[in-house]
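Quick note on labels: first sequence line is chain A, next is B, and so on, each numbered from 1.
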Protein chains: 2
Amino acid sequence: MTLPSSKSDMSLNKRRLRMWIRMLRTTRFVEARLREFLRDNYDTTLPRFDVMAALYRSSDGLKMSELSKLLLVSNGNVTGIIERLVTDGLVLRVNVEGDRRAMLVCLTAHGRKVFEGMARDHEALINDLFAELDDEDLDGLVPVLSRLKAIEDKKS
Amino acid sequence: MTLPSSKSDMSLNKRRLRMWIRMLRTTRFVEARLREFLRDNYDTTLPRFDVMAALYRSSDGLKMSELSKLLLVSNGNVTGIIERLVTDGLVLRVNVEGDRRAMLVCLTAHGRKVFEGMARDHEALINDLFAELDDEDLDGLVPVLSRLKAIEDKKS
DNA sequence: AATTTTTATTTCAAGCATAAAATATTTAAG
DNA sequence: CTTAAATATTTTATGCTTGAAATAAAAATT
């Protein structure tokens, strides 16, 4: 007869599954909070924020395909989001010199200004939501997540 | 003059932000793989899988509102997904005795059978995607994620 | 130079997701 | 008992998201 099973006795694949389910729940919860925050304070959405964040980081603008690869979303998806951002005067679309297929996208001056405000508040919100995690927790967490990032490149 | 900054010198809020961004990227990557798997092998979607998983776990079925609370999605969202699952003969909707507002939802026999196949393959896929993580990694990861789960209850 | 292949993007149809409003029913208060 | 408040769900409008098909231009092949 076996002793009462502890967590460590669980098979590795079951433990991985449980970890994934927990991780998924956490990200969904945080995403929901972010959506709420963006809607209430900036009348915008998470996908729009993600696009603007990517554009803000790249000084020279991004091509549509680069954007979709960066954000892990489909090509057609980016088209729609950019369309609405252009309408709102936050983003500019210009032709790429020497390649008439491609489009280069970047934030307008207004877009940069707006994003800077959002980013500040966003950081504060994340900080608050993850207040539970101290430096020691992060020391443990970040390297593991970093190693997981590697699987993205390997398996795709 | 300061020494070259290491990761640990980064302010706590910046570290939390970076951790969140990594975690988000990982979950999005895994979700994309799951979607691909569900589409190619079972001609279904992640939201449908999530709903079926929740129903499979609860032997007595769930009310629409319980389902939406459990999955962290909106009420109307569940309505649509359940509608399609009912159409496909995977889910059954019955009235709740003594409350004519509420609906109880559960898997059909066929739905249970189909889900069992999916769940087996799903577990194998997750195990594969997170093959990088051994018991020691999980020992570090799971407790932290569990503590994060607590914020869901506190802050909502 | 003409043809094929690859690359970049958009369009399309279907499903997912949300918030807000509407509907219907139950519970609580007066 | 009647009205008011709370609960359970659906409907609606809008936007997100996908995969696949369409369009167009560039690059590679023949």
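Two residues are said to be in side-chain contact when any heavy atoms from C-beta on lie closer than 4.5 Å; A:Asp137 and A:Asp134 meet this criterion.
Ion pairing between a basic and an acidic side chain is recognised when a charged N comes within 4.0 Å of a carboxylate O; A:Glu123 and B:Lys14 show such pairing.
Residue contacts for A:Ser65: at a heavy-atom cut-off of 4.0 Å it reaches the sugar-phosphate backbone alone, with no base atom in range. Nucleic acid contact for B:Arg48: sugar-phosphate only, since backbone atoms but no base atoms lie under 4.0 Å from a heavy atom of the residue. Among the protein residues, A:Leu46 comes within range of no part of the nucleic acid, since none of its heavy atoms lies under 4.0 Å from any strand.
Residue order along DNA chain C, read from the 5' end via each residue's closest nucleotide, puts A:Val96 first among A:Val96 and A:Arg28. Residue A:Arg84 is the one, among A:Gly98 and A:Arg84, whose nearest nucleotide of DNA chain D lies closer to the 5' end (criterion: closest heavy atom). Along DNA chain C, the nucleotide nearest A:Gly80 and the nucleotide nearest B:Asp99 are compared for position; the residue whose nucleotide lies closer to the 5' end is A:Gly80.
Side-chain atoms of A:Arg101 come within donor-acceptor range of the base of C:dT7, with a qualifying N/O pair under 3.5 Å.
By the 30° and 60° cut-offs, the orientation of the rings of B:Phe130 relative to A:Trp20 is tilted.
In the set C:dT18, C:dT10, D:dG19, the nucleotide with an atom closest to the side chain of A:Asn75 is C:dT10.
In this structure, A:Asn95 atom CG and D:dA26 atom P are separated by 11 Å, rounded to whole Å.
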